[in-house]
2 protein chains.
Amino acid sequence: MTDTSPGGLDEVRSDFIEKVGLIAQNEGLPRIAGRIFALLLFDGEIVSFGEIAEGLQVSRGSVSSATRLLEDRGLVKRVGKPGQRQDFFRLADNPYRNMLENVVTGLDRARGEIGDTLRQLPQDRPEIRKRVQDYARFYEVMGRAISQSIENLD
Amino acid sequence: MTDTSPGGLDEVRSDFIEKVGLIAQNEGLPRIAGRIFALLLFDGEIVSFGEIAEGLQVSRGSVSSATRLLEDRGLVKRVGKPGQRQDFFRLADNPYRNMLENVVTGLDRARGEIGDTLRQLPQDRPEIRKRVQDYARFYEVMGRAISQSIENLD
DNA sequence: TTCTACGTTCAGTAATTTCTGAAGGCACTG
DNA sequence: CAGTGCCTTCAGAAATTACTGAACGTAGAA
């Protein structure tokens, strides 16, 4: 029998999964992606495609797109099992490093777009250039900070 | 006459405003908030409530809620003008510092929620605890990095 | 006081995004 | 070769979020 008592492990687990779902949503990811990540993180095991769909009570279509998203971001790894036709998943080896790198990528993109504006601005409007430059600098500073923090993870 | 020629300042300006609107959306803010921020940043002037609504072609209701959001986050400042009933706005003094602080706040919140889970986890499941702890650490590392980067802004 | 200009609120609408579930295609099995 | 189980795709449904615009309250002007 699984531990479903109040405050028991199962409740902690499902609370965690829901929490991470909401955090993911806050960060602009589909909620299901966050839940899958949390499930793999909490259980720490290799879990099959079907178990994810059933365990989270979501459609296989959703599992398909969410796992691919997580895979693309390097947060989750798809693995095969000999003699098994199903796909299996586990946490990626370095999910947090990849998360940080994804954040940096997003910041670089924003900075790049602002840089485009800067390049289009005439030299004889230094006040505008200054302000746009400051904005670009914001993304640059934050990106650099996060890049450097990657090594602090382990 | 304003410069509306292709590649002219007006076009750069409106492209910039739209770009920042999309960036804001990416970061989970209403698009209009990003546009207002961009307008104030680009023009660098004190702009009235009505001018914002008209200039961006959005309803006064939207201007009201977006400006309040930006005000709450410390990105924009509402100022009065003597003898004027309208509200006026300008960029905040230290918008980027405040942006970074807002990010840190969000990270702290996420870390706190994961910390709650950690506290509920029994000691006899060290493997689970380890994994959840690593996840919390991710938010901690990123938050610290950004906090420290605040001083690099100027 | 009454009038007017203003910002805010909120109910409803619009737009966007997420999720579902059925159809489809592929690969393995027997 | 047919049958089965699997993942993906995609059209549509559901849910969420942003936005509008009218009603409202307030404060200054006349």
Side-chain angles (χ1 to χ4, degrees), chain A residues 14 17-40 46-73 75-90 106, chain B residues 14 17-40 46-73 75-90 106:
Chain A
S14 64
I17 289 174
E18 285 312 312
K19 252 187 276 188
V20 177
L22 293 176
I23 291 174
Q25 207 164 28
N26 261 323
E27 295 175 1
L29 298 177
R31 181 190 290 211
I32 289 183
R35 291 202 278 220
I36 293 175
F37 178 80
L39 183 154
L40 295 173
I46 291 181
V47 182
S48 75
F49 189 101
E51 284 168 340
I52 292 173
E54 196 180 351
L56 298 179
Q57 298 271 55
V58 297
S59 72
R60 289 180 160 259
S62 294
V63 174
S64 176
S65 56
T67 49
R68 184 145 50 84
L69 176 69
L70 293 168
E71 224 186 336
D72 289 347
R73 299 202 173 210
L75 309 186
V76 147
K77 194 158 189 333
R78 188 183 305 247
V79 296
K81 268 197 179 181
Q84 290 263 18
R85 293 162 74 182
Q86 264 193 108
D87 287 357
F88 289 78
F89 297 91
R90 63 167 175 81
Chain B
S14 64
I17 289 174
E18 284 313 310
K19 253 187 275 187
V20 177
L22 293 176
I23 291 174
Q25 206 164 28
N26 261 323
E27 295 175 1
L29 299 178
R31 182 190 289 211
I32 289 183
R35 291 204 276 220
I36 293 175
F37 179 80
L39 182 154
L40 294 173
I46 291 181
V47 183
S48 75
F49 189 101
E51 284 168 342
I52 291 173
E54 196 180 350
L56 298 179
Q57 297 272 54
V58 297
S59 71
R60 290 180 160 260
S62 294
V63 174
S64 176
S65 56
T67 49
R68 186 145 48 85
L69 176 70
L70 292 168
E71 225 186 335
D72 289 348
R73 299 200 174 212
L75 309 186
V76 148
K77 193 158 189 333
R78 187 183 304 246
V79 296
K81 268 197 179 180
Q84 289 264 15
R85 290 162 76 183
Q86 265 193 105
D87 288 357
F88 289 78
F89 297 91
R90 62 167 175 82

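The chains referred to below are lettered A, B, ... by the order of the sequence lines, with proteins before strands, and numbering in each begins at 1. Below, each value reflects all heavy atoms present in this structure, side chains not excepted, and no hydrogens, waters or symmetry copies.
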field: Over all atoms of both residues, closest heavy-atom pair of B:A33 and B:L70
entry: O-CD1, 3.4 Å
- prompt: Once you round it to whole Å, what is the distance between P of C:dG7 and CD of B:E51?
  reply: 11 Å
message: Output the rounded distance in Å from CG (B:D72) to P (C:dT8).
response: 11 Å
- prompt: Heavy-atom contacts under 4.0 Å between residues 77-88 of chain B and DNA chain C, which residues?
  reply: B:R78, B:R85, B:Q86, B:D87
message: Without decimals, in angstroms, what is the distance between B:R68 CZ and C:dT8 P?
response: 7 Å
field: Where B:V76 and B:F89 come nearest, the two heavy atoms and their spacing
entry: CG1-CD2, 3.7 Å
message: Please give me the minimum heavy-atom distance between B:G34 and B:V20, naming the atom from each residue.
response: O-CG1, 3.4 Å
B:N26 side, atom CG; B:R31 side, atom CZ - distance, nearest 0.5 Å: 10.5 Å
Close N/O contacts between protein and nucleotides 15-22 of chain D (under 3.5 Å):
residue: D:dT20; atom: OP2; partner: B:S59; partner atom: N; Å: 3.1
residue: D:dT20; atom: OP2; partner: B:S59; partner atom: OG; Å: 3.1
residue: D:dT20; atom: OP2; partner: B:S62; partner atom: OG; Å: 2.6

- prompt: So, do B:L22 and B:E18 sit near enough that their side-chain heavy atoms are less than 4.5 Å apart?
  reply: no
query: Which atom pair, heavy atoms only, marks the closest approach of A:S62 to A:I32?
result: CB-CD1, 3.5 Å
field: Atom pair distance, as rounded to whole Å: CD in B:E54 and C1' in C:dC6
entry: 15 Å
message: Whole angstroms only, please: what is the CD-C1' distance between A:E71 and D:dT8?
response: 13 Å
message: What I'd like to find out is whether the side chain of A:L29 reaches to under 4.5 Å of the side chain of A:R73, using heavy atoms alone.
response: yes
query: Which atom names give the shortest non-hydrogen contact between B:P30 and B:L69, and what distance separates them?
result: CD-CD2, 3.5 Å
